[in-house]
Visitor: 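Here's a structure for you.
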Amino acid sequence: QVQLVESGGGLVQAGDSLRLSCAASGRTGSSYNMGWFRQAPGKEREFVAAINRGGSATKYTDAVKGRFTISRDNAKSTLYLQMNTLKPEDTAVYYCAADKIYRSVVLTTDRAYDSWGQGTQVTVSS
């Protein structure tokens, strides 16, 4: 059992940067592959980025590749998403999630993630 809490969202101008954090309530979070997903108004939830348990392997959706960086600090039980060169189309509620099944690969489907945070709003104006 792990509880996740996102923070760091806000209102920014296009081209600005934000750093999202996801704090796990227990150190058991360090044993899970983790991911970031987002949901924009009127759209379905989509994959953004994911990272394996040790932080050595990552995956990104093409829309954010080269602009966003996912990382983790297992000693602090915290997941991060550094978002640079933000665009209006990045506007969404961002969720962090944990894949509780021990895997050697990082998955991108939300069906693989069974523990979710409440989300944090990111709004990018033109």
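When a residue number appears, it is its place in the shown sequence, counting from 1. Reckoned from all heavy atoms, side chains included, excluding hydrogens, waters and symmetry mates. What you are looking at is a predicted structure, and each value in this text was computed from that prediction instead of being measured.
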Visitor: Is there side-chain contact between Tyr113 and Lys100, with heavy atoms separated by less than 4.5 Å?
Guide: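 They are not in side-chain contact.
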
Visitor: Side-chain contact, heavy-atom cut-off 4.5 Å: Leu107 with Asn33?
Guide: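 Sidechains of Asn33 and Leu107: no contact.
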
Visitor: The test is side-chain contact (heavy atoms from CB on, under 4.5 Å); show your working for Glu6 and Leu4 and say whether it passes.
Guide: CA-CA 7 Å; Glu6 303 94 338; Leu4 307 174; 5.5 Å; no

Visitor: Between atom CD of Glu44 and atom CG of Asp110, what is the distance when rounded to the nearest 0.5 Å?
Guide: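 Between atom CD of Glu44 and atom CG of Asp110 there are 9.0 Å.
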
Visitor: Do Gln82 and Ser17 make a side-chain contact, defined as non-hydrogen atoms from C-beta onward lying under 4.5 Å apart?
Guide: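 Gln82 vs Ser17: side chains touch.
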
Visitor: Run the side-chain contact (heavy atoms from CB on, under 4.5 Å) check on Val122 and Leu18 step by step: do they pass?
Guide: CA-CA 9 Å; Val122 172; Leu18 281 174; 3.9 Å; yes

Visitor: So, Thr78 and Asp73: side-chain donor and acceptor under 3.5 Å apart, yes or no?
Guide: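 Distance-only check fails for Thr78 and Asp73.
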
Visitor: In this structure, are over 12 heavy atoms from other groups packed under 6.0 Å from Gln39 atom CD?
Guide: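 Above 12, so yes.
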
Visitor: State, with a plain yes or no, whether a side-chain heavy atom of Val48 is found less than 4.5 Å away from one of Leu81.
Guide: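 A side-chain contact under 4.5 Å exists here.
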
Visitor: Once salt bridge (charged side-chain N to carboxylate O under 4.0 Å, His left out) is applied, do any residues pair with Asp16, and if so which ones, sequence neighbours excluded?
Guide: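 Salt bridge (charged side-chain N to carboxylate O under 4.0 Å, His left out) list for Asp16, sorted by chain: empty.
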
Visitor: State the CZ-CG distance between Arg53 and Asp99, to the nearest 0.5 angstrom.
Guide: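 So the gap between those two atoms works out to 9.0 Å.
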
Visitor: I want to check something: taking the side chain as every heavy atom from C-beta on, are Met83 and Leu20 in contact at a cut-off of under 4.5 Å?
Guide: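 Yes, close enough: below the 4.5 Å cut-off.
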
Visitor: Between Phe68 and Phe47, is there shared hydrophobic-cluster membership here, with clusters defined by ILVMFWY side-chain heavy atoms closer than 4.5 Å?
Guide: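 No, Phe68 and Phe47 fall in different hydrophobic clusters.
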
Visitor: Heavy atoms, side chains only, cut-off 4.5 Å: are Leu79 and Ile70 in contact?
Guide: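 In short, these two side chains touch, coming nearer than 4.5 Å.
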
Visitor: Show the nearest heavy-atom pair for residues Val2 and Tyr32, with the distance to one decimal.
Guide: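 Of all heavy-atom pairs spanning Val2 and Tyr32, the closest is CG1-CE1, 3.7 Å.
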
Visitor: Counting N and O atoms only, with roles assigned by atom type, does the side chain of Thr120 sit under 3.5 Å from a partner on the main chain of Ser7, one being a donor and the other an acceptor?
Guide: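 Checked: no pair found.
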
Visitor: Is a side-chain N or O of Ser25 found less than 3.5 angstrom from the main chain of Gln3, in a donor-acceptor match?
Guide: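 Judged by distance alone, yes, a pair lies under 3.5 Å.
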
Visitor: With Lys43, which residues qualify under salt bridge (charged side-chain N to carboxylate O under 4.0 Å, His left out), at least two apart?
Guide: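 Partners of Lys43 under the salt bridge (charged side-chain N to carboxylate O under 4.0 Å, His left out) test: none.
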
Visitor: Can you see which heavy atom on Asn52 is nearest to which on Arg72, and at what distance?
Guide: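 Looking at all heavy atoms of both residues, the closest pair is O-NH1, 2.7 Å.
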
Visitor: Donor-acceptor pairs under 3.5 Å, side chain of residues 90-98 to any protein atom, not counting sequence neighbours: which ones?
Guide:
{"from": "Asp90", "atom 1": "OD1", "to": "Arg38", "atom 2": "NH1", "distance (Å)": "3.0"}
{"from": "Asp90", "atom 1": "OD1", "to": "Arg67", "atom 2": "NH2", "distance (Å)": "3.1"}
{"from": "Asp90", "atom 1": "OD2", "to": "Arg67", "atom 2": "NH1", "distance (Å)": "2.8"}
{"from": "Asp90", "atom 1": "OD2", "to": "Arg67", "atom 2": "NH2", "distance (Å)": "3.4"}
{"from": "Asp90", "atom 1": "OD2", "to": "Lys87", "atom 2": "N", "distance (Å)": "2.8"}
{"from": "Thr91", "atom 1": "OG1", "to": "Pro88", "atom 2": "O", "distance (Å)": "2.9"}
{"from": "Thr91", "atom 1": "OG1", "to": "Val124", "atom 2": "N", "distance (Å)": "2.9"}
{"from": "Thr91", "atom 1": "OG1", "to": "Val124", "atom 2": "O", "distance (Å)": "3.4"}
{"from": "Tyr94", "atom 1": "OH", "to": "Arg38", "atom 2": "NH1", "distance (Å)": "2.9"}
{"from": "Tyr94", "atom 1": "OH", "to": "Asp90", "atom 2": "O", "distance (Å)": "2.6"}

Visitor: Is Trp36 reachable from Tyr80 through a run of I, L, V, M, F, W or Y residues, each pair having side-chain heavy atoms under 4.5 Å apart?
Guide: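 As far as the 4.5 Å side-chain criterion goes, Trp36 and Tyr80 are not connected within one cluster.
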
Visitor: Quick check: Trp116 with Phe37 (ring centres under 6.0 Å apart)?
Guide: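 Yes.
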
